[in-house]
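Here's the structure, in structure tokens; my notes come after.
Only this structure's heavy atoms are used, side chains among them; waters, hydrogens and symmetry mates stay out.
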Amino acid sequence: QVQLVESGGGLVQPGGSLRLSCAASGFTISGYTMKWYRQAPGKERDLVAGITSAGTITNVQDSVKGRFTISRDNAKNTVYLQMDSLKPEDTAVYSCHAQRFSSAYWGQGTQVTVSS
């Protein structure tokens, strides 16, 4: 079955770093645009960043520019989000999304909490 499974979330102090992983199974991500979204309690879901099948980074959220980096490793069928200089405002559930033509898949998300 098609699955996207996020991992790497947790509790970190402000200024700390985390690397999130999105591991795909049941399909090959090489032909898909991959994106990371986040949603904090009581807030709208935000697109954090995207990366095309060609490796072009797109749609980086202004609030994370210079701090977050999206990347992909097609050989491992995995997409990553490197998060540096974390702020309390980054606290949210982070979810992975895959898109190609009419096909779209979501992961269940991983919690990131930034607090002292």
Side-chain angles (χ1 to χ4, degrees):
Q1 294 183 348
V2 170
Q3 286 191 86
L4 293 171
V5 179
E6 301 93 338
S7 62
L11 174 64
V12 296
Q13 295 184 359
S17 296
L18 285 174
R19 189 177 78 158
L20 306 183
S21 298
C22 173
S25 60
F27 75 107
T28 300
I29 70 167
S30 60
Y32 287 75
T33 292
M34 307 298 295
K35 296 178 179 178
W36 284 98
Y37 290 82
R38 68 183 183 184
Q39 186 169 25
K43 295 187 176 181
E44 299 291 328
R45 184 190 67 190
D46 291 334
L47 174 61
V48 177
I51 184 167
T52 70
S53 60
T56 301
I57 297 173
T58 64
N59 298 321
V60 180
Q61 195 74 22
D62 287 343
S63 62
V64 307
K65 285 182 179 177
R67 301 189 297 117
F68 290 12
T69 303
I70 188 172
S71 62
R72 64 193 299 155
D73 186 341
N74 289 340
K76 295 181 67 68
N77 220 28
T78 300
V79 178
Y80 303 97
L81 185 67
Q82 178 68 44
M83 305 186 296
D84 299 318
S85 301
L86 283 161
K87 305 175 180 179
E89 306 95 281
D90 297 319
T91 296
V93 174
Y94 286 73
S95 300
C96 182
H97 177 76
Q99 175 74 52
R100 187 183 70 171
F101 300 109
S102 62
S103 299
Y105 309 119
W106 283 98
Q108 294 301 304
T110 186
Q111 176 72 48
V112 172
T113 302
V114 185
S115 177
S116 59

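Using modelled atom types, one side-chain atom of N77 and one backbone atom of I29 make a donor-acceptor pair closer than 3.5 Å.
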- Query: When you look at V114 and E89, which way does the side-chain contact (heavy atoms from CB on, under 4.5 Å) test go after all the steps?
  - Reply: CA-CA 8 Å; V114 185; E89 306 95 281; over 6 Å; no
- Kindly determine whether Y80 and D73 satisfy side-chain contact (heavy atoms from CB on, under 4.5 Å), including the steps that lead there. CA-CA 8 Å; Y80 303 97; D73 186 341; 3.9 Å; yes
Which atom pairs, donor and acceptor, lie under 3.5 Å between side-chain atoms of residues 44-59 and protein residues at least two apart or in another chain?
residue: T52; atom: OG1; partner: A54; partner atom: N; Å: 3.2
residue: T52; atom: OG1; partner: G55; partner atom: N; Å: 3.4
residue: T52; atom: OG1; partner: T56; partner atom: N; Å: 3.1

Report all side-chain donor-acceptor pairs from residues 1-12 shorter than 3.5 Å, counting only partners two or more places apart or in another chain.
residue: E6; atom: OE1; partner: Q108; partner atom: N; Å: 3.1
residue: E6; atom: OE1; partner: G109; partner atom: N; Å: 2.8
residue: E6; atom: OE2; partner: C96; partner atom: N; Å: 2.7
residue: E6; atom: OE2; partner: G109; partner atom: N; Å: 3.3

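In this view, S17 and D84 satisfy the side chain to side chain donor-acceptor pair (under 3.5 Å) rule, not counting sequence neighbours. Judged as a side chain to side chain donor-acceptor pair (under 3.5 Å), and not counting sequence neighbours, Q61 has no contacts. The ring-ring contact (aromatic ring centres under 6.0 Å, His included) test applied to F27 returns Y32, Y105, not counting sequence neighbours. Applying the side-chain contact (heavy atoms from CB on, under 4.5 Å) criterion to K43, with sequence neighbours excluded, gives A40.
Contact annotation: the side chain of R38 approaches that of D90 to within less than 4.5 Å [non-hydrogen atoms, C-beta and beyond].
Atom OG of S85 is separated from atom CE of M83 by 11.5 Å, given to the nearest 0.5 angstrom. The line from CG of L20 to CD of Q82 is 8.5 Å long, rounded to the nearest 0.5 Å. Put simply, CG on L86 and OG on S115 are 12.0 Å apart, with the number rounded to the nearest 0.5 Å. To the nearest 0.5 Å, atom CG of residue L81 and atom CE of residue M34 are 12.0 Å apart.
The two residues C22 and W36 come nearest to each other via the heavy atoms CB-CZ2, 3.7 Å. For H97 against A104, the heavy-atom pair with the smallest separation is CE1-CB, 3.7 Å.
Linking Ile, Leu, Val, Met, Phe, Trp and Tyr whenever their side-chain heavy atoms come within less than 4.5 Å puts L18 and V60 in one cluster. By the rule that hydrophobic residues join a cluster once side-chain heavy atoms approach within less than 4.5 Å of another member, V112 and Y37 end up as members of separate clusters.
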